[in-house]
Amino acid sequence: PTTFFLQRRYRAEFAPRRTKYRKAHKGRVPVRIGGSTKGNTIAFGSFGLRVKDGVRLSSAQLTAAHTVIKRKIKVIKGSQVWMRVFPDIPVTSKGNETRMGKGKGSFEYYACRVPMNKILFEIGGGNIRKEVAKEALRLASDRLPVKTEFVDK
């Protein structure tokens with residue numbers, strides 16, 4: 001009998017609807033040394049935002065970036081946004097000056113591990129102009145704690 005854990009989801013932030021386990025190991029951000037290029041090129045849209053360093057991004061950061069992109073390209077009819085990563089790793093933390101033991105800390109937020117050169121967001125459709133796309137993705141990159149670059153097909 002498998003039980004699923006339902007976490008309280010905030011309407012504004014991305015989070016899985018249900019998870020198999022409440023807590024997970026911290027893990028490392030993957031470093032691709034075998035030549036894998038999965039997710040490094042544009043697949044759906046015409047323009048994209050690529051991460052230059054491996055990083056762990058929180059749900060709140062991705063939500064802020066996604067919202068600002070949608071707000072910027074809303075005026076262009078038929079335009080779309082694709083998010084190529086999703087925060088599905090539960091992050092926990094213990095309070096400051098807490099003694100050792102007594103189990104793992106409580107759930108704080110969801111995050112995702114993003115390897116170097118991965119495309120985060122893609123935008124396209126509606127014959128979107130390069131200048132508009134570049135500005136939308138620049139505003140999104142301002143809300144992310146990592147160096148990014150603008151890429152096009």
Side-chain angles (χ1 to χ4, degrees), residues 2-93 106-153:
T2 308
T3 58
F4 289 97
F5 173 68
L6 296 169
Q7 183 64 47
R8 193 172 85 217
R9 291 176 68 230
Y10 296 104
R11 193 170 246 254
E13 290 184 9
F14 295 113
R17 285 197 173 86
R18 66 183 192 192
T19 55
K20 194 167 182 181
Y21 301 107
R22 289 190 314 157
K23 297 174 183 177
H25 291 292
K26 181 176 282 186
R28 298 253 190 280
V29 174
V31 177
R32 294 173 171 170
I33 55 172
S36 173
T37 59
K38 184 180 178 184
N40 289 5
T41 56
I42 293 174
F44 304 105
S46 306
F47 308 101
L49 189 67
R50 180 184 285 156
V51 170
K52 295 309 294 171
D53 302 314
V55 69
R56 188 169 77 176
L57 296 175
S58 73
S59 176
Q61 292 162 346
L62 289 170
T63 303
H66 190 260
T67 304
V68 78
I69 291 172
K70 283 199 319 189
R71 196 173 287 153
K72 188 70 181 172
I73 67 168
K74 182 179 175 182
V75 293
I76 298 153
K77 200 170 186 79
S79 60
Q80 278 186 285
V81 183
W82 291 271
M83 194 166 80
R84 298 283 302 272
V85 295
F86 189 80
D88 58 348
I89 297 152
V91 178
T92 62
S93 70
S106 59
F107 170 84
E108 290 288 313
Y109 59 91
Y110 281 102
C112 62
R113 302 182 196 114
V114 183
M116 186 168 59
N117 291 331
K118 175 105 169 162
I119 300 278
L120 280 182
F121 295 101
E122 292 184 25
I123 56 178
N127 293 329
I128 190 165
R129 292 199 337 264
K130 185 175 181 175
E131 302 83 44
V132 176
K134 199 166 191 173
E135 177 64 15
L137 293 174
R138 184 195 65 80
L139 289 170
S141 70
D142 289 346
R143 279 139 180 92
L144 298 172
V146 64
K147 286 183 181 173
T148 57
E149 69 176 348
F150 175 80
V151 290
D152 57 350
K153 259 189 176 168

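FYI, side chains are in, hydrogens and waters are out, and symmetry mates aren't considered; it's all heavy atoms of this structure.
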Lys70, NZ: over 12 other non-hydrogen atoms inside 6.0 angstrom: no
From CG (Asp88) to CZ (Arg17), nearest 0.5 Å: 13.5 Å
For the student: nearest non-hydrogen atoms of Ile73 and Ser79, plus distance: O-OG, 2.8 Å
Met83 atom CE: more than 12 heavy-atom contacts under 6.0 Å: yes
Donor-acceptor side-chain pairing of Asn117 and Arg32 below 3.5 angstrom: no
Side chain to side chain, Pro145 and Leu57, heavy atoms closer than 4.5 Å: yes
CG on Asp142 to CG on Leu137, rounded to 0.5 Å: 11.0 Å
Criterion salt bridge (Lys or Arg N to Asp or Glu O under 4.0 Å) on Glu131 and Lys134, from CA distance to verdict: CA-CA 5 Å; Glu131 302 83 44; Lys134 199 166 191 173; over 6 Å; no
Side-chain heavy-atom pair Pro90, Phe107 within 4.5 angstrom cut-off: yes
Side chains of Ser58 and Val91 in contact at under 4.5 Å (non-hydrogen atoms): no
Spatial distance of atom NZ (Lys118) from atom OG1 (Thr37) [nearest 0.5 Å]: 10.5 Å
Side-chain donor or acceptor of Arg113 paired with backbone N/O of Lys26 under 3.5 Å: yes
Phe47 ring center within less than 6.0 Å of Phe150 ring center: yes
Euclidean distance, Ser141 OG relative to Arg50 CZ, rounded to 0.5 Å: 14.5 Å
Ile42 side, atom CD1; Phe121 side, atom CZ - distance, nearest 0.5 Å: 14.0 Å
Distance, nearest 0.5 Å, that separates CD of Gln80 from OG of Ser46: 10.5 Å
Heavy-atom donor-acceptor pair, Arg56 side chain to Val29 backbone, under 3.5 Å: no
Qualifying residue, where the test is side-chain contact (heavy atoms from CB on, under 4.5 Å) with Leu49 and the options are Val151, Ile69, Leu144, Ile123: Leu144
pair Pro87-Leu62: side-chain heavy atoms closer than 4.5 Å: yes
Side-chain heavy atoms of Arg28 within contact of Pro30, under 4.5 Å: no
Residues, nucleotides or ligands: over 12 heavy atoms within 6.0 Å of Arg138 CZ: yes
Nearest non-hydrogen partners of Ala60 and Glu13, listed with the distance: CB-OE2, 3.6 Å
